[in-house]
Q: 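Encoded as structure tokens, here's the structure I'll be asking about.
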Amino acid sequence: MNFPEYYEFSFPVKIISGHTALNKLPVELAQAGLSRPLVITDPGVGKAGLLEVFLNAFAESEITIGAIFDQTPPESSTLVVNKIADLFREKNCDSLIALGGGSVIDTTKGVNILVSHDSNDINQFRGADILTGPLKPFYVVPTTAGTGSEATNTAVIQDLEKGVKMLIVSELLMPKAAVLDTRMTLTLPPKLTAATGMDALTHAMEAYISIQQNPISDVFATQAIMLVGRWLRHVTANPQDKNGRLAMANASTMAGTAFSNSMVGCVHSIGHATGAVAHVPHGVAMSVYLPHGLRLNLPKAAERIGEMLLYLAGPEVYVATPPEERPAKTIAEVERLKQDLYELSGLPRTLQEAGVDKDLFEKIAALGINDGSALMNPVELTLERARQLLDAAWQG
Amino acid sequence: MINHYPEIPPRTKPFKRAINKVVLFVLGRALQSLSKADPLIRAETATWPEGFTLAMLVKPKGGSMAVRRMPDLSLKYLGSQFPNDEADVTIYINEVESAFKMFTGQLGSDVAYARHSISAKGDLSYTVSVVRVINVVEAYLFPRLISRGLMKEPPPIPWGRRQSLRLKTYLLGILFGI
């Protein structure tokens, strides 16, 4: 077991968690001297009645919502980011609130870069650790429990004209606070709950075995794994369970914190490529690939994969399993979780069930090995290994 | 009173800065030479757009080098004065000590990234491919004992090719730019 010779860890996000946590957001803004936030959301949030809950939380406060942009598309783009940045300036807003899932949060991060730097060209900020601050105060109210974007240092914005995804990595992108309010995720359907929960589990497990892993990211990763192990099945079966919902929202944020500081690995590399090539939803891809990705990393990370058994399956299972069998048992537990979620919600277990055409494998593999997340994967992700992973995930 | 508290300008590390600059030159010339012959590097550059320019720079003023992908898949060394604002991807090594460690075979590219010793500007989708190319170059430039510690696994270069291209790179590539 090695202790990292050097590491960095950054997490400046205040967590406000509770069944009605949103009611505290106006106080947070007021204490920060803010009075006119721009709210960015998507049409689904309005349809689910969450915007009403949000606006009610601001009743009797001193905060005026400067404007609400509620047309964020499923994938954030330069056009939308520019449009919202103009709205922010026109309405003289002083802060940003993202109310939504990964796309809304990424869009808001992009808008924040533009309005803070008084720019209309997000392209010039592309890169890792090159952004300069300070940025405008920014708050997140996630409406899914999985992406962890409320706790990450990353934004992905699409340039639709050039057909490229622009990646921006900087700890300055993190919000001032993330509000985890039970009401925001209560209406998520079981299949989406299962898929986003598996996304959170993948963030945590990949962060735990990453090359960039460190003792503090481990704390967040293992707690996230434990919460997913305890609650994901329960919440998928009982979507109205408030405690379970809040636990999963916390798991997602903790997993996001972990991977924001230690990166994800090959499951995300191939998962991103599968999303781009075969349009498989991200959480579904994570669930399908996770056990296979862990297996791929056994040669370099067996011990740490074995350690995760304690958090995923609990102390009884961990103690009852001989140390040399723990890595395989961890993977078996992930497989068992997948099976249970399939039975509870129909979440696909294999690429075949996810409707991926085998003819796309070569394209997915070629794209996957060039995904940035491959860099921090313990085992080198070669084309051959990517092909093997895809073949293994085809039939499960 | 004020004279008791003089300004302290940053100290210099001329030896390490000089070594870094020399290695950046060696790296640029080695990339140029090896990209003409090594199939692993050429497989990577085949995925880069023609004219794609990669710059590497030690912050703040510790030297730089740039290469451009040519139509025949080879890389052309553009020297140490190429304006990095014009590069498609610029890899910054954030301080002199990390650069020295990387350039003297003590720190691999992926670990350097993990330690935030490297930052990058531009399209990050090429970063992984760039790291693979640098790994191949390191496998030629450093003895196997050293290069093995710099990457997750050594690139699959046959023994004969490694020796012959290593000789060519050191004798012709670096010295004469061939």
Side-chain angles (χ1 to χ4, degrees), chain A residues 4-10 123-132 153-156 159 162 164-171 210-214 217 261-263 265-266 269 272-273 276 297 299-301 366-385, chain B residues 40 43-49 52 54-55 57 59-60 84-95 97-98 101 106-136 139 148-156:
Chain A
E5 203 175 298
Y6 177 93
Y7 76 88
E8 293 181 13
F9 184 91
S10 171
N123 188 37
Q124 69 187 92
F125 302 99
R126 278 201 299 184
D129 291 335
I130 58 157
L131 193 63
T132 53
N153 57 4
T154 308
V156 181
D159 186 336
K162 291 179 186 163
V164 294
K165 281 192 175 188
M166 293 186 289
L167 179 63
I168 303 162
V169 184
S170 167
E171 64 182 56
S210 154
I211 285 179
Q212 210 173 19
Q213 152 277 331
N214 63 70
S217 70
N261 284 281
S262 62
M263 275 284 272
C266 69
S269 316
H272 288 152
N297 279 307
K300 290 265 181 86
L367 197 60
I369 64 164
N370 284 322
D371 190 89
S373 53
L375 215 53
M376 294 296 107
N377 193 63
V379 168
E380 180 76 31
L381 184 62
T382 60
L383 204 52
E384 190 50 38
R385 288 185 183 125
Chain B
L40 295 172
E44 296 296 340
T45 55
T47 67
W48 303 359
F52 174 86
L54 167 73
L57 186 147
K59 279 184 174 179
N84 66 79
D85 284 352
E86 292 174 22
D88 293 290
V89 171
T90 304
I91 294 176
Y92 298 100
I93 305 173
N94 293 329
E95 31 83 30
E97 289 291 344
S98 292
K101 279 189 172 178
Q106 301 174 68
L107 183 64
S109 304
D110 46 8
V111 177
Y113 184 78
R115 293 182 183 179
H116 299 266
S117 299
I118 292 177
S119 51
K121 186 177 180 185
D123 189 347
L124 294 181
S125 63
Y126 293 104
T127 315
V128 186
S129 181
V130 167
V131 166
R132 279 197 293 264
V133 167
I134 288 173
N135 284 349
V136 174
R148 225 175 11 205
L150 297 177
M151 51 200 84
K152 294 173 196 169
E153 62 185 44

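Protein chains get the first letters and strands the later ones, always in sequence-line order, with residue 1 at the start of each.
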Q: What are the two closest heavy atoms between A/T382 and B/E153, and how far apart are they?
A: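 Shortest heavy-atom contact: CG2-OE2, 4.1 Å.
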
Q: Need one label for A/Y7: side chain, backbone, both or neither, based on atoms under 4.5 Å from any heavy atom in chain B.
A: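 It is neither, since no heavy atom gets under 4.5 Å.
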
Q: The test is side-chain contact (heavy atoms from CB on, under 4.5 Å); show your working for A/R126 and B/L124 and say whether it passes.
A: CA-CA 8 Å; A/R126 278 201 299 184; B/L124 294 181; over 6 Å; no

Q: Mind listing the closest non-hydrogen atom pair of A/I369 and B/V128 along with its distance?
A: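 Smallest interatomic distance, heavy atoms only, reads O-CG1, 3.3 Å.
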
Q: Given that the side chain runs from C-beta out, which part of A/P378 has a heavy atom under 4.5 Å from chain B: side chain, backbone, both or neither?
A: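 Contact with chain B: backbone only.
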
Q: For B/Y92, is it the side chain, the backbone, both or neither that has a heavy atom under 4.5 Å from a heavy atom of chain A?
A: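 It is the side chain, since no backbone atom gets that close.
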
Q: Non-hydrogen atoms of chain B under 4.5 Å away: do they reach the side chain of A/D371, the backbone, both or neither?
A: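 The answer is the backbone of A/D371.
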
Q: Considering only heavy atoms and a distance below 4.5 Å, find which of B/S109, B/G122, B/S129 pairs most often with chain A.
A: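 Result: the option with the highest number of such pairs is B/G122.
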
Q: Give the member of A/M263, A/K165, A/E5 that has the highest number of heavy-atom pairs under 4.5 Å with chain B.
A: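 Of the candidates given, the most pairs with chain B belong to A/E5.
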
Q: Quick check: closest heavy atoms across B/K152 and A/N377, and the distance to 0.1 Å?
A: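 Heavy atoms of B/K152 and A/N377 come nearest at NZ-O, 2.7 Å.
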
Q: Quick one: CG on A/N370 to OG on B/S125, what's the gap to the nearest 0.5 Å?
A: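 If I round to the nearest 0.5 Å, the distance is 7.5 Å.
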
Q: Measure across B/S119 and A/A128 and return the closest heavy-atom pair with its distance rounded to 0.1 Å.
A: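 Nearest heavy atoms, B/S119 then A/A128: CB-O, 3.0 Å.
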
Q: Under 4.5 Å heavy-atom distance to chain B, tell me which part of A/Q213 shows up: side chain, backbone, both or neither.
A: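 Nothing of A/Q213, per the 4.5 Å heavy-atom cut-off to chain B.
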
Q: Minimum heavy-atom separation for B/A114 to A/Q212, with atom names?
A: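 Result for this residue pair: O-NE2, 2.8 Å.
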
Q: Show your reasoning for whether side-chain contact (heavy atoms from CB on, under 4.5 Å) applies to A/E380 and B/M151.
A: CA-CA 9 Å; A/E380 180 76 31; B/M151 51 200 84; 5.8 Å; no

Q: Quick check for you: to the nearest 0.5 Å, what is the distance between B/R115 atom CZ and A/N214 atom CG?
A: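 Separation between the atoms: 12.5 Å.
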
Q: Could you look at A/L367 and say if it's the side chain, the backbone, both or neither that has a heavy atom under 4.5 Å from chain B?
A: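 Contact with chain B: none, neither part.
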
Q: If you round to the nearest 0.5 Å, how far is CD1 of A/I211 from CG of B/D110?
A: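 It comes to 4.5 Å.
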
Q: State, to 0.1 Å, how close B/I118 and A/D129 come at their nearest heavy-atom pair, and which atoms those are.
A: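 What the structure gives for the nearest pair is O-OD2, 4.4 Å.
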
